[in-house]
Amino acid sequence: MADAEIKTTWPTDSEDPPEVLRTVHLTADPGPASLPASFSDRTVRITVEIPEPEVQRWHAWAGTKLPAQTAQVLTATRFGGRPDEWFVLERAIPQAEWVSVIDMRVPMALWPPE
């Protein structure tokens with residue numbers, strides 16, 4: 001596998017959202033049930049190791065980065081009903097910070113190569 005990264009994104013109707021909103025959302029829960037319903041079809045889990053000071057709890061981040069109404073709607077409709085278990089990183093995650101990539105259907109390790 002060539003060098004890869006998990007890119008920062010933000011789901012929106014806008015073509016060009018503000019850069020501060022481009023994030024990677026993370027959870028400490030390894031189970032597929034932790035994913036919001038809109039992501040329930042995902043079959044690959046990438047485990048990463050990020051320096052703790054760089055990761056923000058979703059609620060704290062949303063309180064300073066999103067309009068209050070947007071944060072309330074997302075809290076009510078996303079994150080599998082458990083937004084307190086989600087974190088935000090405001091940068092891409094290079095492959096050097098990946099620990100493993102697992103196919104959750106099997107389950108089987110896809111990366112790192114043995």
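- In plain terms, the two heavy atoms of Ser100 and Pro112 that are nearest each other are CA-CD, 4.3 Å.
- Under a cut-off of 6.0 angstrom, the local environment of CZ in Arg91 is crowded, with over 12 non-hydrogen atoms contributed by other residues, nucleotides or ligands.
- Using cut-offs of 30° and 60° on the angle between ring planes, the pair Trp61 and His25 is perpendicular.
- Under the 3.5 Å distance criterion, the side-chain polar atoms of Thr27 are matched with a main-chain donor or acceptor of Glu85.
- The CD atom of Gln56 sits 16.0 Å away from atom CH2 of Trp86, with the distance rounded to the nearest 0.5 Å.
- Contact annotation: the side chain of Glu5 never approaches that of Val24 to less than 4.5 Å [non-hydrogen atoms, C-beta and beyond].
- Residues Val99 and Ile93 are members of separate hydrophobic clusters, defined by side-chain heavy-atom contacts under 4.5 angstrom among Ile, Leu, Val, Met, Phe, Trp and Tyr.
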Hey, mind stepping through Leu89 and Ile6 against side-chain contact (heavy atoms from CB on, under 4.5 Å) and telling me if it holds?
-> CA-CA 11 Å; Leu89 183 65; Ile6 301 170; over 6 Å; no
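- Nearest heavy-atom pair, Ala4 versus Trp98, reported as atom, atom and distance to 0.1 Å: CB-CH2, 3.8 Å.
- Residues Lys7 and Ala92 come closest through the heavy atom pair CA-CB, 4.3 Å.
- Between Thr8 and Thr23, every side-chain heavy-atom pair lies at or beyond the 4.5 Å cut-off.
- Between Glu97 and Pro51, the closest side-chain pair of non-hydrogen atoms falls below 4.5 Å.
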